[in-house]
Engineer: 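Structure below; questions to follow.
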Amino acid sequence: DRAGGQRGRITLARVSHQLPSSVFSESSDYSEAEVLPDSFPSAPAEPLPEFLLEPEDAFIVKNRPVQLRCRASPATQIYFKCNGEWVNQNDHVTRESLDQITGLVVREVDISVSRTQVEELFGLEDYWCQCVAWSSAGTTKSNRAYVRIAYLRKNFEQEPLGREVRLEQEVLLQCRPPEGMPAAEVDWLKNEDVIDPSQDSNFLITIDHDLIIKQARLLDTANYTCVARNVVAKRRSSTATLIVYVSGGWSSWTEWSQCNAQCGRGWQRRTRSCTNPAPLNGGAFCEGPPFQRVTCTSLCPVDGGWTEWAKWSACGTECTHWRSRECQAPPPRNGGKHCSGSMMESKNCTEGLCTRTLAPGMGVAVYAGLVVALVLCVILALCVGVLAYRRRRRHLHGDITDSSSALTTAFHPGNYKPPRQDNPHPLHPSAPPDLTATAGAFRGPLFSLQHGVNDSPHKIPMTTSPLLDPLPSLKIKVYNSSTLSSLELPTDMGPGDGEILSLKSVGTVGRERDFHSHTLSREPGLSTSATLGNLGGRLTIPNTGVSLLVPPGTIPQGKFYEMYLIINKWDKTTLPSEGSQTVLSPVVSCGPSGMLLNRPVVLTLPHCAQLDTPTPDWTLTLKTQTHQGAWEEVLTVGEETLSSPCYLQLEEECCHVLMEQLGTYGLVGQSCPPQPACKRLQLALFAPRAPCLSLDYSLRIYCIHDTPHALKEVMDLERSLGGVLLEDPKPLLFKDSYHNLRLSIHDIPHTHWRSKLLAKYQEIPFYHIWSGSQRPLHCTFSLERGSLAVSQLTCKICVRQVEGEGQIFQLLTDIQEVLATAGKGSLYRRTLGPYAFRLPDSIRQKICASLDAPSARGCDWRLLARSLGFDRYLNYFATKPSPTGVLLDLWEACHQGDADLVSLATALEEMGKSEVLVVMTTDGDC
């Protein structure tokens with residue numbers, strides 16, 4: 001009976017039917033000729049009792065007994081059994097009725113259970129009762145109904161505490177209700193009004209009964225009370241007063257006042273007020289003075305004064321002489337008055353003895369000369385006009401030229417530029433050119449397009465170009481202007497590709513393009529994809545440290561998505577860094593974007609930030625790229641709020657991002673004063689693949705991020721260039737100190753080798769390394785050996801940051817010895833379904849069931865997060881339906897390479913979860 005709880009059935013042996021004696025007495029009245037039948041029809045078999053009403057769990061409130069009731073049909077008898085013992089028949093209240101539909105007897109029984117009966121029970125099991133119903137077919141047992149004494153303690157395990165918080169700060173008010181049976185339900189009151197998070201999204205009540213105010217507002221200043229209640233009583237916590245204060249802020253400075261001194265030294269003053277905003281609710285007053293005063297000097301006005309008169313000039317032909325003076329003694333300054341009076345003075349220099357007369361005939365000669373000069377001016381103007389007219393006609397005839405003559409005469413645009421390698425839209429011969437845009441673009445002198453011996457490599461063969469074939473009578477207008485357009489050609493054009501010509505006019509260069517009008521390029525070795533469903537999976541790009549974990553249940557049941565993971569190439573994407581920020585991880589795209597996710601996925605990115613310092617030197621920011629191509633900040637590590645859509649778990653060499661929105665992401669950082677941050681770099685030394693058949697020999701040193709992806713990128717580049725890695729890459733800590741990276745070569749055997757480097761060293765600018773915008777960065781040391789017989793090379797290459805750390809390569813190599821090169825490896829890796837996860841689904845479900853529910857002792861998912869080191873911002877997990885499930889997903893991503901269950905089992909053992917350990921030992925590999 002103690003193993004009850006499930007309905008059981010006991011079938012009694014059916015008693016054989018016997019005919020009653022009256023049947024035999026009546027048969028004697030019949031004649032002997034009448035023969036009795038072999039058998040008589042029997043009544044239909046009665047079914048087993050079926051419970052129409054079973055007893056339910058009940059709580060004894062104070063001293064009031066509880067009633068247990070059960071109803072069964074068909075039933076000849078019903079009795080209660082409590083704790084394995086039959087209840088006295090006199091304690092049963094029985095009622096019988098007849099089912100109008102089936103005609104079967106329905107029996108209902110009640111019993112009463114008092115507080116004394118429950119308290120007299122000793123043992124580990126609660127007080128329980130069970131109904132047993134009989135019929136002729138057998139017995140049936142009901143479910144067990146447990147009777148417990150209801151109570152609710154008076155004291156809260158933790159009460160909310162009053163606080164003073166600044167405006168828009170996140171607030172956490174904690175509440176742990178008193179112990180009770182049944183467990184108490186919790187409500188929060190704000191000034192005696194019940195808080196409903198569905199009505200005000202600024203409030204959030206966690207599964208631990210804590211109240212979170214996402215952004216404190218002025219209207220949130222109130223008294224908050226935690227109320228716990230069950231069937232016994234209702235308890236109120238002490239009231240916590242929350243005060244949202246506003247610290248004062250200065251307004252803008254007013255304009256400087258006028259200098260208070262009209263002439264000489266004085267003062268100027270400007271003011272500001274603590275009203276932007278004004279301090280409220282005890283907020284701090286603005287720091288600093290409300291006014292500023294500076295000295296000023298007003299320049300005094302100086303009136304101008306005349307100098308002495310100069311000497312009289314010589315007597316002129318008009319019998320006068322003159323003299324002058326200047327207003328410079330002193331000159332007028334600072335608004336002073338100008339000198340009054342005349343600057344020049346003249347008078348008769350002969351005292352009236354000289355008269356002005358003309359010689360006879362002098363007037364006629366003067367007028368004749370004027371007429372001749374006027375006639376010459378008219379003739380000169382006519383000549384200029386005729387020349388200008390002829391030149392204009394010649395220019396107009398030369399402007400319109402037949403297309404064939406223009407092409408054979410040909411032209412060469414003066415500002416021709418070699419094309420960019422990443423031009424995604426070369427003009428295809430099949431696409432008709434925009435003649436309206438390019439007709440005015442060819443401005444420059446004409447040159448021959450026929451290739452000759454001394455032709456410039458930038459001259460373009462157009463005699464076979466199909467651009468002008470559809471319009472044989474095209475008229476090309478040629479300008480003699482210096483304004484030129486640019487012609488672009490693919491660098492890989494061969495002799496037979498003369499038909500491919502890209503024309504870019506000045507008017508079309510600046511046209512904007514939609515950033516996402518092109519599809520993401522999936523380079524081999526930099527991308528992977530797979531079709532995933534409800535079982536989830538893991539996408540991994542080998543040798544890069546980049547992966548995407550899609551937990552089970554992330555994709556809705558019955559849905560399948562073609563998911564991809566791509567590392568964006570540096571020359572085909574805009575970088576997320578700005579200002580003093582530096583790129584610390586590869587830029588990774590995962591998708592498809594906009595897909596519906598039921599739970600967060602985990603994106604793993606390698607980074608090159610040095611994090612093992614005792615004080616935080618980095619301000620790390622996760623950014624995402626919008627559809628327009630702009631970068632937006634997702635979160636800053638250490639400044640998360642409830643509105644943060646992601647959670648970032650940092651490790652020494654990588655980071656794991658829990659997110660519910662797929663897209664393009666990258667990690668950036670900047671130094672956190674006062675200590676400068678350090679980036680982890682790798683120095684990789686490459687040389688040409690042996691055997692070397694030339695006298696020239698070059699050594700290339702790459703300075704790259706200390707991430708698997710950066711090294712793989714350089715290895716692929718050198719493989720295409722025919723280079724080999726001479727030594728294992730060396731680490732280098734590069735400090736944010738604005739000092740360059742200096743490279744130098746030493747101890748070259750000058751008897752056999754000569755360095756072509758004229759300077760003592762080479763330098764890579766600090767900004768090129770710190771910004772991460774130029775990749776890959778390298779320096780080349782060009783050497784020349786004395787003869788082909790020289791094969792041994794010994795030297796020393798020093799690489800160090802000025803006033804920082806450095807590394808030394810001790811090189812001893814045989815340039816004729818063939819070195820082994822690493823293979824390309826697999827292009828992608830994907831693991832689908834349950835095989836992608838180390839933790840079996842059965843163990844996962846039992847761990848979640850054990851830890852999701854909050855525990856008064858704190859032995860729940862929060863303790864697991866602290867044990868695993870995922871407790872930097874617990875509120876992110878508290879908002880999830882299953883916090884333990886999200887923690888286990890993050891554990892799977894963090895232990896991708898060494899995901900044994902020992903570390904997880906150790907954490908559970910420290911928490912005292914022995915029942916989960918038994919399951920892991922049975923079902924897992926611990």
Side-chain angles (χ1 to χ4, degrees), residues 522 527-542 544-567 588-605 645-649 654-665 826 828-852 861 864-865 868 870 876-877 879-901 903-904 916 919-920 923-925:
R522 305 192 180 184
S527 64
T528 181
S529 62
T531 301
L532 301 181
N534 183 258
L535 295 179
R538 191 196 303 264
L539 300 180
T540 303
I541 304 179
T544 63
V546 177
S547 65
L548 179 67
L549 180 74
V550 183
T554 301
I555 300 176
Q557 188 71 36
K559 298 282 187 180
F560 291 89
Y561 292 102
E562 177 71 20
M563 302 190 68
Y564 60 82
L565 185 63
I566 301 173
I567 300 178
V588 176
S589 297
C590 54
S593 60
M595 64 178 290
L596 178 64
L597 301 178
N598 290 339
R599 60 190 301 168
V601 298
V602 188
L603 176 64
T604 299
L605 299 175
C646 300
Y647 175 85
L648 192 144
Q649 178 67 24
C654 65
C655 63
H656 310 279
V657 185
L658 282 163
M659 59 186 181
E660 299 182 33
Q661 185 66 44
L662 302 181
T664 301
Y665 291 88
S826 60
Y828 60 87
R829 182 181 303 159
R830 56 193 180 193
T831 312
L832 310 180
Y835 299 102
F837 310 102
R838 186 66 181 87
L839 195 64
D841 187 60
S842 59
I843 297 179
R844 172 190 291 267
Q845 292 180 2
K846 291 176 181 178
I847 295 177
C848 292
S850 176
L851 299 181
D852 274 345
W861 63 269
L864 177 64
L868 297 178
F870 301 157
Y876 176 84
F877 302 98
T879 59
K880 304 305 175 186
S882 175
T884 310
V886 180
L887 289 171
L888 294 178
D889 295 338
L890 185 56
W891 176 85
E892 288 271 8
C894 293
H895 296 79
Q896 178 178 353
D898 57 345
D900 59 349
L901 300 181
S903 60
L904 183 59
V916 181
V919 175
M920 295 183 64
D923 300 341
D925 296 334

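Every value quoted in this text rests on a predicted model; they were computed, and no experiment measured them.
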Engineer: How long is the gap from CG on L851 to OG1 on T884, to the nearest 0.5 Å?
Structural biologist: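 Result: 4.5 Å between the selected atoms.
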Engineer: side-chain contact (heavy atoms from CB on, under 4.5 Å) with T879: which residues, sequence neighbours excluded?
Structural biologist: L204, L642
Engineer: To the nearest 0.5 Å, what is the distance between CG on L868 and CG on L890?
Structural biologist: 8.5 Å
Engineer: G537 and F837: which non-hydrogen atoms are nearest, and at how many Å?
Structural biologist: N-CZ, 3.7 Å
Engineer: Identify the heavy atoms of L658 and V602 that sit nearest to each other, and give their distance.
Structural biologist: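 Scanning both residues completely, I find the closest heavy atoms to be CD2-CG2, 3.4 Å.
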Engineer: Hey, could you give me each pair passing salt bridge (charged side-chain N to carboxylate O under 4.0 Å, His left out) that has a residue in residues 596-605? Not counting sequence neighbours.
Structural biologist: R599-D889
Engineer: Rounded to the nearest 0.5 Å, what separation is found between the OG atom of S589 and the CG atom of L548?
Structural biologist: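 That separation rounds to 11.5 Å.
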Engineer: Tell me, please, which residues at least two apart from Y647 pass ring pair (Phe, Tyr, Trp, His ring centres under 6.0 Å).
Structural biologist: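 Per chain and number, Y647 pairs via ring pair (Phe, Tyr, Trp, His ring centres under 6.0 Å) with Y876, F877.
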Engineer: For the pair E892 (side chain) and R838 (backbone), establish whether a donor and an acceptor sit closer than 3.5 Å, ignoring hydrogens and angles.
Structural biologist: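 Yes: the side chain of E892 pairs with the backbone of R838.
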Engineer: Taking side chain to side chain donor-acceptor pair (under 3.5 Å) as the definition, give me every residue that meets it alongside Q661, ordered by chain and number, with sequence neighbours left out.
Structural biologist: none
Engineer: Could you tell me if the side chain of K559 sits less than 4.5 Å from the side chain of N534, heavy atoms only?
Structural biologist: no
Engineer: Indicate yes or no: at least one non-hydrogen side-chain atom of M563 is less than 4.5 angstrom from one of I555.
Structural biologist: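 They are in contact (side-chain heavy atoms under 4.5 Å apart), so the answer is yes.
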Engineer: Under the side-chain contact (heavy atoms from CB on, under 4.5 Å) rule, collect the residues that match up with S547, sequence neighbours excluded.
Structural biologist: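 Here the qualifying residues are T540, T604, Q896.
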Engineer: Residues two or more places apart in sequence or in another chain: which of them pass side chain to side chain donor-acceptor pair (under 3.5 Å) with T544?
Structural biologist: none
Engineer: Do L904 and I847 have side-chain heavy atoms sitting under 4.5 Å apart?
Structural biologist: yes
Engineer: Tell me whether D852 contacts the main-chain N or O of S882 through its side chain, where contact means a donor paired with an acceptor under 3.5 Å.
Structural biologist: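 Side chain of D852 to backbone of S882: no pair is present.
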Engineer: What distance separates L597 CG from E660 CD, expressed to the nearest 0.5 Å?
Structural biologist: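 Going from CG on L597 over to CD on E660, the span is 7.0 Å.
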Engineer: Under the side-chain contact (heavy atoms from CB on, under 4.5 Å) test, which residues partner D841, sequence neighbours left out?
Structural biologist: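 Partners of D841 by the side-chain contact (heavy atoms from CB on, under 4.5 Å) criterion, ordered by chain and then number, come out as R844, Q845.
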Engineer: If you round to the nearest 0.5 Å, how far is CZ of F560 from CG of L532?
Structural biologist: 9.5 Å
Engineer: Work out which heavy atom in C848 is nearest to a heavy atom in L888; give both atom names and the distance.
Structural biologist: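 Reported closest heavy-atom pair: SG-CD1, 4.2 Å.
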Engineer: What heavy-atom pair brings I566 and S527 nearest, and what distance separates the two atoms?
Structural biologist: CG1-CB, 3.8 Å
Engineer: Measure across E562 and S529 and return the closest heavy-atom pair with its distance rounded to 0.1 Å.
Structural biologist: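 Answer, listing the atom of E562 first, then S529: OE2-OG, 3.4 Å.
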Engineer: Of the non-hydrogen atoms in L662 and C590, which two are nearest, and what is the gap between them?
Structural biologist: CB-O, 3.4 Å
